[in-house]
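First up is the structure itself, then whatever we jot down about it.
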Amino acid sequence: MSDISITLPDGSVRSLPEGATGTDLAASIGRRLAKDAVVVEVDGEPRDLAAPLPDGATVRIVTDREPDAAEYLRHSTAHVLAQAVLELWPGATFAGGPAIENGFYYDFELPGGGTFTDEDLERIDAKMREIIAADQPFERFELPIGEARELMADHPYKRVFMDLAASGDDADGEVGGGDTISFYRNTPAFVDMCLGPHVPSTGRLKHFRLTRHGGAYFRGSEANPMLQRVYAVAFPTKAELEEFLHRQEEAAKRDHRKLGVELDLFSFPEEVGSGLAVFHPKGGIVRRLMEDYSRQRHEEAGYEFVYSPHITKADLFQTSGHLDWFADGMFPPMELDPHGHDQGDGGGEEGTGTSYYLKPMNCPFHILIFRSRQRSYRELPLRMFEFGTVYRYEKSGVVHGLTRVRGMTQDDAHIFTTKEQMTDELGTILAFVLDLLRDYGLDDFYLELSTKPEGKAVGTDEEWAEATDALRRVAESMDIDLVLDEGGGAFYGPKISVQARDAIGRTWQMSTIQVDFQLPQRFDLSYVGADGERHRPIMIHRALFGSVERFFGVLVEHYAGAFPAWLAPEQVRVLPVADAHADHAHAVAHELRGHGFRVAVVGADETLGNRIRRAKGEKLPYVLVVGDDDVAHDTVGVNPRGGEVERNVPLQSFAERLAGDIASKR
RNA sequence: GCCCGAGUAGCUCAGUUGGCAGAGCAGCUGUCUUGUAAACAGCAGGUCGUCGGUUCGAUUCCGACCUCGGGCUCCA
């Protein structure tokens with residue numbers, strides 16, 4: 001029997017008997033390695049450890065300490081989940097179950113259209129741990145498609161995957177492109193169709209937790225049946241699992257919906273309607289400061305401020321294309337004078353009066369402002385800015401806190417440029433947007449380029465390509481990661497969106513910048529060029545906050561409710577130790593208010609300790625305590641958020657410190 | 001919109017064979033006058049999400065609707 005030679009990633013070569021497997025290779029190197037091995041990569045292709053190695057291959061042994069091991073562990077654990085559910089619910093069938101970020105899921109159809117309950121998750125978890133304790137092997141085998149279909153006779157969704165793959169569509173990644181279909185058998189009763197690879201046996205799988213269950217359409221389409229999905233998280237080590245669960249708890253504490261109530265910032269009165277927020281006085285201060293600073297920066301950057309109404313006749317949205325492409329996202333129209341005569345202004349069938357719509361976007365109004373008179377190339381780029389409140393009829397299941405609402409205010413601008421100016425202007429806009437976001441405390445970004453949405457877009461391929469290229473060039477010049485979002489553009493043009501990572505690493509879509517060749521055409525916009533001829537301007541849509549509401553919610557979570565001094569509703573609270581110090585406390589407050597600071601005094605009706613505790617709960621930047629010493633020397637005791645108490649601080653030096661915090665936006 | 005779950009005091013939550021509704025915190029009134037994260041006492045506070053049904057009687061059982069949470073789809 002001849003030997004085979006295997007090259008390891010470090011370049012060394014090992015000789016093994018013919019037919020040797022990854023397991024053999026690992027064992028020949030070391031016991032520890034054999035124990036930790038999860039799968040092997042043969043010439044870059046992942047394979048089971050049990051598969052024979054081909055002569056001359058380069059082989060990397062993936063252990064559970066390496067980052068890419070988690071995906072294999074998750075996928076294998078998904079099989080255990082499927083086995084558990086199929087055992088617990090005789091007659092159940094299963095669809096797909098991929099590894100995802102931090103874990104995996106699996107979709108099932110339970111007999112009689114059943115659904116999972118929270119208690120079911122506990123039963124499934126217990127069954128999974130039995131399967132893992134039994135240390136069942138994952139045994140691979142392959143069948144021709146005909147036999148594969150027979151094997152999966154009771155599992156129609158698996159057969160759909162096979163049929164799709166046979167017709168060249170393996171978008172789900174369930175089957176692979178070969179002539180045969182691979183399976184993994186754990187027990188005589190449980191076989192799952194799968195590309196693999198898998199860990200050698202279920203005993204390798206330990207650190208998972210079932211987290212949620214819910215409905216999910218088969219293959220993600222509303223046209224398909226709804227299946228029952230179970231989600232789980234899974235990690236190679238217990239420490240990583242616990243770390244993840246801990247991060248989840250920390251994120252829950254930052255939830256802006258919870259903090260919005262606790263800090264008295266905003267609410268969603270049921271009487272008003274789903275997805276419609278009201279801002280309370282404290283939230284109002286934060287919001288006004290956010291908006292004021294934005295206005296100031298926009299003014300400095302050459303934007304002009306405009307205003308437009310909340311409702312308009314249907315014709316405007318007919319011209320803009322919104323009624324053709326965005327009608328699902330709009331509130332139904334108000335029918336005015338429904339029995340009157342058609343005024344000839346359109347917006348309804350003959351004799352049915354006029355329809356008015358709540359506006360879902362601000363762009364048509366800004367276009368009308370542009371078109372209100374003849375424009376010269378000397379005016380371009382013309383930058384119009386509005387805090388424009390728009391209304392969108394979001395489907396009932398998607399409304400979520402301030403991040404997904406039905407009424408929102410966009411910090412919306414539309415820039416009209418010549419074709420020649422477009423790329424420069426896009427670069428200026430992107431730099432402006434990133435700079436401003438940094439002032440709001442977000443400084444970790446990546447960019448996403450969204451291209452033409454097939455089937456729901458207006459305009460020619462050439463126009464789309466040109467606009468997309470311009471955006472790509474600008475994005476690439478920023479030295480920030482760029483990812484492609486195929487088909488994610490708006491109906492009128494491609495876009496760059498800025499994704500920001502917050503204090504605990506979650507990403508949020510913030511600003512969008514969209515190039516639009518379409519609306520200028522639809523509204524027949526023009527300007528007079530240096531040549532005396534009429535030319536078509538190009539329009540750029542951009543919002544920096546996205547919506548003020550969403551941005552507000554993101555900032556609450558980013559700062560965990562502890563706003564930096566420049567945004568804090570109350571920057572300083574002065575606490576007299578006893579009533580005798582009340583006059584001094586008020587004098588201190590008066591002095592600080594004179595500097596423009598937001599200050600309150602809370603008298604000595606309660607113990608000092610309790611008043612401190614309340615102020616800390618409200619996450620104020622500074623609490624000042626004044627007692628006998630401070631009255632005598634015109635000082636204050638400074639208790640800063642997240643810092644040590646300082647005594648006998650001269651009032652003036654505290655004022656300078658706070659002014660510094662505010663100026664630096666910290 | 002679809003699948004699942006939940007709505008009890010301002011907040012967090014108890015409340016089972018269907019029989020007059022509970023706690024802590026917050027609020028209000030007193031007392032206490034305090035040097036850095038919970039002083040003491042008292043009072044008040046609820047159409048038990050809404051509407052209908054079953055019942056002698058419904059917070060409790062049934063139905064519809066509204067709102068919220070999780071998931072799918074969608075999205076600023």
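Lettering follows sequence order; numbering is per chain, from 1.
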From [options], pick the nucleotide closest to the side chain of [X]?
X	options	result
A/K395	B/G71, B/G1, B/U33	B/G1
A/D628	B/G35, B/C75, B/A38	B/G35
A/Y231	B/C72, B/G35, B/U67	B/C72
A/Y393	B/U36, B/G1, B/C74	B/G1
A/K616	B/G35, B/A37, B/C72	B/A37

Answer yes or no: does a side-chain N or O of [X] lie under 4.0 Å from OP1 or OP2 of [N]?
X	N	answer
A/H581	B/G35	no
A/K258	B/U12	no
A/R212	B/G70	no
A/T512	B/A76	no
A/T403	B/C75	no
A/R614	B/A26	yes
A/R257	B/G69	yes
A/T607	B/A39	yes

**OP:** Name the orientation class of the two ring planes belonging to A/F385 and A/F305 (parallel below 30°, tilted from 30 to 60°, perpendicular beyond 60°).
**Re:** tilted
Describe the nucleic acid contact of [X] in one word from base, sugar-phosphate, nothing, applying a heavy-atom distance below 4.0 Å.
X	result
A/D328	nothing
A/A216	sugar-phosphate
A/D579	base
A/T115	sugar-phosphate
A/G609	sugar-phosphate

Any N/O donor-acceptor pair, [X] side-chain to [N] base, under 3.5 Å:
X	N	answer
A/Y217	B/G1	yes
A/D118	B/G5	no
A/E394	B/A76	yes

Original post:
What does B/A6 pair with, Watson-Crick or G-U, if both distances are under 3.5 Å?
Top reply: B/U67
**OP:** Scan every strand shown for a Watson-Crick or G-U wobble partner of B/A39, both distances under 3.5 Å, and answer none if you come up empty.
**Re:** B/U31
Original post:
How about A/Y622 and A/R657: does a side-chain donor come under 3.5 Å of a side-chain acceptor?
Top reply: yes
**OP:** Kindly state whether the ring of A/H322 and the ring of A/Y357 have centres lying under 6.0 angstrom apart.
**Re:** no
Taking the same atom, [atom1], in [N] and in [M], what whole-Å distance lies between them?
N	M	atom1	result
B/A26	B/G63	C1'	37 Å
B/C68	B/U31	P	45 Å
B/A14	B/C4	C1'	25 Å

**OP:** Rounded to the nearest angstrom, tell me the gap between atom NE2 in A/H213 and atom P in B/G69.
**Re:** 17 Å
Original post:
If each of A/G489 and A/L608 is mapped to the nucleotide of RNA chain B with the nearest heavy atom, which maps nearer the 5' terminus, i.e. the 5' end?
Top reply: A/L608
With a 4.0 Å cut-off on N to O distance, would you call [X] and [Y] a salt bridge?
X	Y	value
A/D107	A/R229	yes
A/E618	A/R573	yes
A/D125	A/R209	no

